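Worksheet: the structure to be examined is printed underneath.
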Protein chains: 2
Amino acid sequence: MVNRRDGEMRGRDRDLPAGDGAFARMTRATIKDVSRVAGVSIKTVSRVLNKERYVSDDMRQKVEEAVARLNYHPSLAARTLAGRRSFQIGLIHDNPSPYYIFNMQAGVGQRCREADFRMIVQPCDINSPGLVDDIGALIDQAQLDGIIMTPPVTDVGTALAELFRRKIPVVRVQPGTDLTATSAVYIDNVQAADDMTAYLISLGHRRIGLVTGHANYFASGQRLTGYRQALQRAGIGFDASLVFPGQFDFQSGAAAAEALLALDEPPTAIFASSDDMAAGVLAAAHRIGISVPDQLSVAGFDDTDLAQVVWPALTTIRQPIRDLGYAAADLLLEFGETIERRQLPHELIVRGSTAPPRPMDPGSSRG
Amino acid sequence: MVNRRDGEMRGRDRDLPAGDGAFARMTRATIKDVSRVAGVSIKTVSRVLNKERYVSDDMRQKVEEAVARLNYHPSLAARTLAGRRSFQIGLIHDNPSPYYIFNMQAGVGQRCREADFRMIVQPCDINSPGLVDDIGALIDQAQLDGIIMTPPVTDVGTALAELFRRKIPVVRVQPGTDLTATSAVYIDNVQAADDMTAYLISLGHRRIGLVTGHANYFASGQRLTGYRQALQRAGIGFDASLVFPGQFDFQSGAAAAEALLALDEPPTAIFASSDDMAAGVLAAAHRIGISVPDQLSVAGFDDTDLAQVVWPALTTIRQPIRDLGYAAADLLLEFGETIERRQLPHELIVRGSTAPPRPMDPGSSRG
DNA sequence: TCCGGCTATGACAACGTTATCTCATCAGCC
DNA sequence: GGCTGATGAGATAACGTTGTCATAGCCGGA
């Protein structure tokens, strides 16, 4: 009944509305429509769209007018299928910090938008046995043009190997291993921790507690190095009992503070390797009844939103997460497979949580 | 020289490695490879992949084996181009809260993964004149199968109209206008604010300050309604001077607290419509030297990470953001264009920032 | 004048899937 | 025993781009 059959018409024939009148239809405009309106070949439209060489200004203008008039947007799917680019890059992370991820996405997304690329965000679990397969599937399915990874995924050897096997451009943010194997963006964690430690020393502190970060993150070790470096320069001996392992989160910061403050010779300042842990230190101090910064100075790392929201506001190191994301995407888009490195500046931010130690603290017998 | 010409061979002929041996090549496996290995037609493979009817168990098994053996992942681009689905949905937001966005993405992403869909995140600016075009371009380019919007984008009429024009399935999270125009997920903001207010009243508070949210968000007004509703039920008169407008952020919370605490008859409790603002209230109280919760109870809304990180930890309303995201994606995937609504439960979380008011507060002359 | 190289444009195949149509088989029914 | 409808499988044409090749015009040098 509804089965019209007219010989030559088979398959999905949907011949476009001919003539010049009715493009404001529900059907999306295609490159074919644009070529008809502009009065040029499809290939010429494609050339203009892709900014290829050998297009006269005349043609270019005609095409651009037609594109604007039809409000034409090329199909990413068709471009991906026909070409060898997908105009998409992936951001792979296994990071529980909303603040970090939000800003990283903002930076990467910003750069992508500038280049008319799209960012595909892929959370993952570095302990999952399916990690490598998941990454492979993502690349296969979406035909990604490049990958950005954040710690700690940056240092998963098997994942890295899979990416090399596929010869896909990779940029890592703050990588810890195989530093020269891929492009990378990072800050100088050693120097940053050194800066903070030196600042605390300059206030007069001699016993400075350090809460380190999660062992999966190489930055944790780097910050310990910077801490020791500053102590040494100041002629202060390293006391291992002042270093307490944390996990970057609030709870571990609070636990570390309780342990450190219970020492026979407690520190007069605690430097936590993340703002979350610093907030934990603050909470523990409150609980115990130690006032900050009068009796205890507290410093964080990252300068997340959190730093200004706790009381007192945290002295911390500003890590330009958004800029790191932007730079990572920039390296990917500008250099592709060519390996490049870019170091971004950090900044010491002084707020209310640090002050000179109380003079003549009883029990401080050291020179 | 390199120009071999053999008549029929033109264009990009890359004949696949015949035989059965070398698929572990660099070239991705295609559906054609799978069909050859399985010994069935391409279309049958497609049927199995798309879980279509009319495939015998025998065939299905052969195909699945071949897929696994070749580690085959279908090209999303080709699927999108050939079919009428793209297996992608968009998440459009203009929200400055990392916590909110992170959890929303987690929820939506989770549901997408379960359905082998991909989530495309698109931040936007509701005040930008290009908003509607941007959304249109996104849908055109990526051929999205659906859209999820979060406040305040949910209530931008022009954007909504554009989506209707394109007849694309839409789910809105906490919409404020045109409630029945699209599918929606939400919590009962009126009841939630009522619950919190009633709780504060039950502690003995009679003068309860309210810091409202940003006027762009309809939830702000709804929470005011709930607040008034609880007061009325308790027979407490509404005092407009106790209601102070905020913007959902820390700064405005601090400013509101300063204003409220400077009143001749200051409130004994302040209910802020977000945890960020509640943290601001806390900070202002600290600054002024008012202790919480002894002299002032403070309550928030959202139960973000923040709530447990400030001191004292916030009594707040838990808003299941992640679940809202999951539910939104679920509605989209399960019902498509069919309009559905789903309300999720909220929860009153009592922590250390609230307590009964100090007995016999001088200056409290009201009954 | 003719050739070679650069510029500018177009024709057509190819990318890897899904949609449509066709055909074969098989069971149940008049 | 042939008709009908459900089931199972394949051939082939799209989908909307880009890649490859062909070609035409133009300029400069042999």
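Here is the naming used below: chain letters follow the sequence lines, and residue numbers restart at 1 for every chain. What you see is a predicted model, and the numbers here were worked out from it, not measured in a lab.
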Legend entry - Contacts of type salt bridge (charged side-chain N to carboxylate O under 4.0 Å, His left out), residue A:Arg111, not counting sequence neighbours: A:Glu114, A:Asp330, A:Glu334
For residues 119-134 of chain B, run the donor-acceptor check on the side chains, cut-off 3.5 Å, and write out each pair with its distance to 0.1 Å, sequence neighbours left out.
| residue | atom | partner | partner atom | Å |
| --- | --- | --- | --- | --- |
| B:Asp125 | OD1 | B:Asn127 | N | 2.9 |
| B:Ser128 | OG | B:Gly130 | N | 3.0 |

Inset, instruction - Would you please name every residue forming a side-chain contact (heavy atoms from CB on, under 4.5 Å) with B:Tyr54, sequence neighbours left out? - result: none
Legend entry - Closest listed nucleotide, where the reference is the side chain of A:Ile31 and the choices are C:dT17, D:dT17, C:dA8: D:dT17
Inset, instruction - Return the residues of residues 135-147 of chain B meeting this criterion: a heavy atom under 4.0 Å from some atom of DNA chain C. Order them by number, or give none. - result: none
Legend entry - Separation between CZ of B:Arg60 and CG of B:Leu49, rounded to the nearest 0.5 Å: 10.5 Å
Inset, instruction - Rounded to the nearest angstrom, tell me the gap between atom CZ in A:Arg28 and atom C1' in D:dG16. - result: 8 Å
Inset, instruction - Report the residues that fulfil side-chain contact (heavy atoms from CB on, under 4.5 Å) with B:Arg341, sequence neighbours left out, ordered by chain and then residue number. - result: B:Leu179, B:Ala184, B:Tyr186
Inset, instruction - Whole angstrom is fine here: how far is it from CD in B:Glu52 over to P in D:dG8? - result: 13 Å
Legend entry - Residues which pass side-chain contact (heavy atoms from CB on, under 4.5 Å) with A:Asp116, listed by chain and number, not counting sequence neighbours: none
Inset, instruction - Apply salt bridge (charged side-chain N to carboxylate O under 4.0 Å, His left out) to A:Glu65 and A:Lys62, showing your working. - result: CA-CA 5 Å; A:Glu65 273 175 28; A:Lys62 275 198 285 190; over 6 Å; no
Distances under 3.5 Å between nitrogen or oxygen atoms of protein and nucleotides 5-7 of chain C:
| residue | atom | partner | partner atom | Å |
| --- | --- | --- | --- | --- |
| C:dT7 | OP2 | A:Tyr54 | OH | 2.8 |

Legend entry - Out of C:dT17, D:dT17, D:dC15, whichever nucleotide has its closest atom nearest the side chain of A:Ala78: D:dT17
Inset, instruction - From the options D:dC15, D:dG19, D:dT17, select the nucleotide whose nearest atom is closest to the side chain of B:Leu81. - result: D:dC15
Inset, instruction - Specify the angle, to 10°, made by the local axes at the two ends of the helix from C:dT1-D:dA30 to C:dC30-D:dG1 when five pairs are taken at each end. - result: 60°
Inset, instruction - For B:Met59 and D:dT7, give me the distance from atom CE to atom C1', rounded to whole Å. - result: 13 Å
Inset, instruction - May I ask you to say what A:Arg47 touches in the nucleic acid, namely base, sugar-phosphate or nothing, with a heavy-atom cut-off under 4.0 Å? - result: base
Legend entry - Of all pairs that satisfy ring-ring contact (aromatic ring centres under 6.0 Å, His included), the ones with a partner from residues 133-153 of chain B, not counting sequence neighbours: none
Inset, instruction - Round to the nearest Å and state the distance from B:Ile42 atom CD1 to C:dT20 atom P. - result: 18 Å
Legend entry - Length of the line joining B:Arg85:CZ and C:dT18:P, which is rounded to integer Å: 8 Å
Inset, instruction - List in chain and number order the residues that pass side-chain contact (heavy atoms from CB on, under 4.5 Å) with B:Phe102, two or more places apart in sequence or in another chain; answer none if no residue qualifies. - result: A:Pro98, A:Ile101
Inset, instruction - Using a 4.5 Å cut-off on heavy atoms from C-beta on, say whether the side chain of A:Val37 contacts that of A:Tyr72. - result: no
N/O donor-acceptor pairs under 3.5 Å from side chains in residues 135-150 of chain B, not counting sequence neighbours:
| residue | atom | partner | partner atom | Å |
| --- | --- | --- | --- | --- |
| B:Asp140 | OD1 | B:Arg166 | NH1 | 2.7 |
| B:Gln141 | OE1 | A:Arg118 | NH2 | 2.9 |
| B:Gln143 | OE1 | A:Arg28 | NH1 | 3.4 |
| B:Gln143 | OE1 | A:Ser75 | OG | 3.3 |
| B:Asp145 | OD1 | B:Ser86 | N | 3.0 |
| B:Asp145 | OD1 | B:Ser86 | OG | 3.4 |
| B:Asp145 | OD2 | B:Ser86 | N | 3.0 |
| B:Asp145 | OD2 | B:Phe87 | N | 2.7 |

Inset, instruction - May I ask you to verify if any side-chain N or O of A:Ser41 is less than 4.0 angstrom from the OP1 or OP2 atom of C:dG10? - result: yes
Inset, instruction - Nearest whole angstrom, please: distance from the P of C:dT17 to the NZ of B:Lys51. - result: 16 Å
Legend entry - Rounded interatomic separation in angstrom, taking CZ from B:Arg60 and C1' from D:dA9: 13 Å
Inset, instruction - Go through D:dT18, D:dG16, C:dA19 for me and flag the one nearest to the A:Ser46 side chain. - result: D:dT18
Inset, instruction - For A:Glu52, enumerate each residue passing the salt bridge (charged side-chain N to carboxylate O under 4.0 Å, His left out) test, keeping only those at least two apart in sequence or located in another chain. - result: A:Arg47
Inset, instruction - Establish whether the base of D:dG19 is bridged to the side chain of A:Lys43 by a donor-acceptor pair shorter than 3.5 Å. - result: yes
Inset, instruction - For B:Gln61 and D:dA9, give me the distance from atom CD to atom P, rounded to whole Å. - result: 13 Å
Inset, instruction - Check every strand shown and say whether A:Phe87 touches a base, only sugar-phosphate, or nothing at a heavy-atom separation below 4.0 Å. - result: nothing
Legend entry - A:Thr44 side chain near C:dG10 phosphate (N/O to OP1/OP2, under 4.0 Å): yes
